[in-house]
Every structure is written in C-alpha cells, then in structure tokens.
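One structure is given below, encoded as structure tokens.
Whatever order the structure lists ligands and atoms in, that order sets their numbers, starting from 1. The first residue in the sequence is number 1, and the count goes up from there.
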Amino acid sequence: MLIDKYGRRFTYLRISLIDRCNLRCRYCFPINAKFLPMENILTADEIIRLGRIFKDLGITKVRLTGGEPLVRKDFVDIVEGLHSIGFKLNITTNGILLGKYIEHLKGKVEYINISIDTFSPEKYAFITRSTTKFFYTVMENLERALNSGFKMVKINTVVLRGFNDDEIMDFVEFVKDRQVSLRFIEYMPFYGNEWSPHKFVSINEIKSRIEKKYRLEPVKGYSDVSVDFRIPGFKGLVGFIGSISSPFCRTCNRLRLTADGHLKPCLFSPFEKDLRRLLRGGARDEDIKEEIIKAVYNKPFGHPDVDALLSKARENRVMFAIGG
Ligand code: SAM
C-alpha cells in the first residue's frame with residue numbers, strides 16, 4: 001500500500017518515542033543539543049492512533065527508538081497499545097533501563113537491539129559522556145536479555161577509528177558463546193556529531209581485519225540492512241551495516257516517525273511531513289493516510305555522498321532527534 005515512485009514498498013516503521021536520552025554519545029549528540037518542547041512530543045494515544053493508520057497502510061513491523069525509548073514513563077502503555085494492534089515490535093535501546101522492563105516486553109517484543117561501543121568502562125564513560133556505572137548496568141541487562149527468550153538480541157556497535165577499532169576482535173569473540181547478533185555500524189555524519197573521515201572505518205576494513213583470523217560464512221541474518229556472517233564454532237552472528245560505503249537505498253523498506261510526529265521517509269533527507277499538525281488539527285484518519293501516501297511516494301531515491309551530506313548537515317535533524 002505504501003509505495004514510492006521507484007516502486008519500493010514500505011512495511012517497516014521506526015517510531016522515535018522521545019528525543020531525550022540518559023546518555024550523550026559523542027557521535028549522536030552535538031554538544032549544544034536542544035530538545036523538542038515536551039508539548040510537541042506525541043502522546044501515547046497519538047502514537048497508537050498513528051500506529052493503527054500505518055497498520056492499515058501495510059506497515060507490519062515497528063521499531064521503537066529515540067532518544068532513549070525507555071526513558072518514557074508511559075513506555076509500557078505504548079508497547080501494549082502497539083502490540084494489541086498486531087505489530088511485530090522491536091526496540092533499540094542503550095540498555096540502561098532495560099532490566100526494569102524485560103518482564104513487560106516478553107511476548108510482545110521480538111528483537112532487542114542494545115547499543116554497546118566498547119568493553120572498557122572508562123571508554124564507555126567517555127563516549128557516552130556518562131559514568132562507568134552505566135557500563136556495568138548495560139552489560140548486566142544485556143546478559144539478562146539474552147536469557148529472557150527474545151527472538152534475538154542484537155548488539156549495535158558504531159566503529160570509530162582511534163576509539164574502539166582496537167576492540168573489533170573483542171566484539172567478535174564476545175559472540176562466540178552467546179546467541180547474539182553483533183552488528184558493526186559505520187559512523188554516519190550528522191550536524192555537530194564530531195564526524196571526520198579520519199575516524200570513519202568502512203565495513204570492508206572491519207571485515208578484512210576479522211578475516212585475518214576467522215572464516216566468515218554468509219548467512220541470512222535477522223535484519224534487512226545488515227550483511228550477516230557465521231563463524232564456524234560460534235553461537236552468535238557477526239554483521240555489518242555499511243550505510244555510508246554500501247548504502248542499501250535501492251532495497252529500502254523503512255520509514256521514520258519522529259517523536260514530534262513528523263514522518264521522515266529518508267534518514268538523510270530533511271524532507272518531513274508534519275503528521276502532528278494533522279492529528280491535532282482534527283484531521284480524519286483517511287486524510288492522514290492520504291498525506292502519508294503522498295509523502296512516501298516522494299521519498300528520495302538515495303542519499304548523496306559524504307561531502308554533500310556534510311555540507312547539508314545543518315538542514316537535517318541530528319540522530320537523537322530523528323530516531324536511530
Ligand atoms: N538510545 C537508543 C540507543 O542507544 O540505542 C536508541 C537511539 S540511538 C540514536 C539508535 C542507534 O543509532 C544506536 O545504535 C546508535 O549507536 C546509532 N547511532 C547514533 N548516531 C550514529 C551515527 N552518527 N552513526 C552511526 N550510528 C549512530
């Protein structure tokens with residue numbers, strides 16, 4: 001039902017529940033990050049109403065993200081509301097508050113992605129601009145999630161040269177005895193996120209470093225964007241998301257809804273459709289559907305190269321405000 005002018009079909013929606021986060025990751029938050037006024041953040045009822053509308057339009061899979069989705073007080077109500085509509089639900093979280101919610105999520109959430117960029121508590125405190133204490137909490141919650149029967153727990157690791165590229169093999173070896181899907185993610189440029197070509201590590205480089213020691217056998221993994229591999233004798237998978245060096249725009253099936261209710265068809269394009277204005281202006285579901293269909297139809301085909309992304313970065317929202 002949702003199709004763009006290039007014939008791509010959209011079945012996957014990433015909903016940012018809030019732009020606030022309990023961390024300030026350097027690659028995500030500009031130093032002078034400004035948050036949306038709270039009155040602009042969609043209420044749980046508004047999210048669930050939009051959920052129904054998107055379901056009617058053919059969305060089957062929803063990922064809850066942010067900011068940090070778990071800092072929302074009504075997080076459980078939103079999960080229950082969206083689950084009752086019939087979505088396959090997934091969550092991306094930094095894992096700090098996950099322990100509190102694991103029981104609520106069982107049976108409702110299939111995939112949990114936990115972001116961990118380092119195994120060093122000190123480096124964790126540095127990159128997240130927080131404390132070593134959070135590192136231990138996240139690691140504990142990761143192990144709990146792994147033992148809680150979710151379809152798959154994934155680890156998201158953004159690789160930055162000079163920060164954690166020396167830990168690539170530690171990450172790989174971490175999945176040896178754990179049924180977890182590790183994904184190395186290329187560092188993407190956004191306004192004020194300290195991106196530089198010197199810090200960028202391509203997935204090809206990461207892969208060839210791993211291949212010096214291990215044989216990577218291609219497998220069909222658990223994601224549309226990650227290229228996944230099994231290492232003989234390992235329980236977990238190792239995957240690569242090359243948004244910059246190997247963009248997957250041609251097969252893109254995803255849309256984004258920002259915490260303030262803007263539909264964002266493409267991560268790197270500043271184009272947005274304000275659905276909150278429609279919701280709060282008394283629009284009927286049918287009118288909102290029509291606007292969504294039009295916005296999706298006009299989704300840009302792909303994103304430009306890094307230089308163009310950097311020069312236009314100011315026009316786009318930054319990652320925490322889009323919903324990664
Ligand atoms: N707070 C949650 C978390 O930490 O997972 C969800 C939001 S966060 C924006 C979602 C994902 O985006 C995280 O895995 C994070 O590592 C990733 N991310 C943020 N900024 C990024 C960047 N510049 N390049 C690549 N990935 C980025």
Practice task
May I ask you to check whether Tyr214 and Phe234 place their ring centers less than 6.0 Å from one another?
Solution key: yes

Problem - Cation-pi, Phe150 ring and Lys106 (6.0 angstrom, 45 degrees) - result: no

Handout entry: Axial cation check for Tyr111 ring with Lys154, 6.0 Å and 45° limits
Key = yes

Fill in the blank from the handout: Taken to the nearest 0.5 Å, the spacing of Ile116 CD1 from Asn156 CG works out to 9.5 Å

Practice task
Scan for side-chain hydrogen bond (donor to acceptor under 3.5 Å, both in side chains) pairs involving residues 85-94, sequence neighbours excluded, and state none if there are none.
Solution key: Asn22-Asn94, Arg63-Thr92, Glu68-Thr93, Glu68-Asn94

Exercise for the section: Check whether any side-chain heavy atom of Phe229 lies under 4.5 Å from a side-chain heavy atom of Lys207, and answer yes or no. Expected result: yes

Fill in the blank from the handout: Pocket residues around ligand 1 (non-hydrogen, under 4.0 Å) come out as Tyr27, Cys28, Thr65, Gly66, Gly67, Glu68, Thr92, Thr93, Asn94, Ser115, Asn156, Val158, Ile185, Glu186, Tyr187, Met188, Phe190, Asn193, Met319, Gly324

